[in-house]
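Both backbone and side-chain heavy atoms feed into the values below; hydrogens, waters and symmetry mates do not. None of the values given here were measured: they were computed from a predicted structure. We number each residue from 1, following the sequence as shown.
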Amino acid sequence: GHATICDIASMDSDKNGGPNYLRAWREHRRLTQEQLAEAVGTNANMISYLESGARGLSAKWLRRLAPALK
């Protein structure tokens, strides 16, 4: 099936959220980490942390990222 923006969020209850599709969505939109960071008012390091799972994709982050990733 087709992925939706909701698929970015893992259903795990883990604090770090486990694997996510943020990088795939960012690449699909042809954005660099820097471009996405600028669009959501953060820095590329934070995008890297979010993509790697080092920082969990909280609902707050999803609300910021979803419009930038359409």
Without placing hydrogens or testing angles, list every side-chain donor-acceptor pair under 3.5 Å for residues 36-49, not counting sequence neighbours.
residue, atom, partner, partner atom, Å
N43, OD1, N45, N, 3.1
N43, OD1, M46, N, 2.9

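- Remark: R29 pairs with W25, L31, L69, K70 by the side chain to side chain contact (heavy atoms under 4.5 Å, CB included) rule, at least two apart or across chains.
- At distances below 3.5 Å, not a single donor-acceptor pair connects side-chain atoms of E27 with backbone N or O atoms of A24.
- Atom CG of L57 is separated from atom CZ of R55 by 10.0 Å, given to the nearest 0.5 angstrom.
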>> Would R23 and Q33 count as a side-chain contact (heavy atoms from CB on, under 4.5 Å) here? Give the steps.
In response: CA-CA 9 Å; R23 181 177 179 187; Q33 288 183 340; over 6 Å; no
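- Take R64 and apply the salt bridge (Lys or Arg N to Asp or Glu O under 4.0 Å) test, not counting sequence neighbours, and it matches no residue.
- Nearest heavy atom pair, residue N20 against residue L50, reads ND2-O, 3.1 Å.
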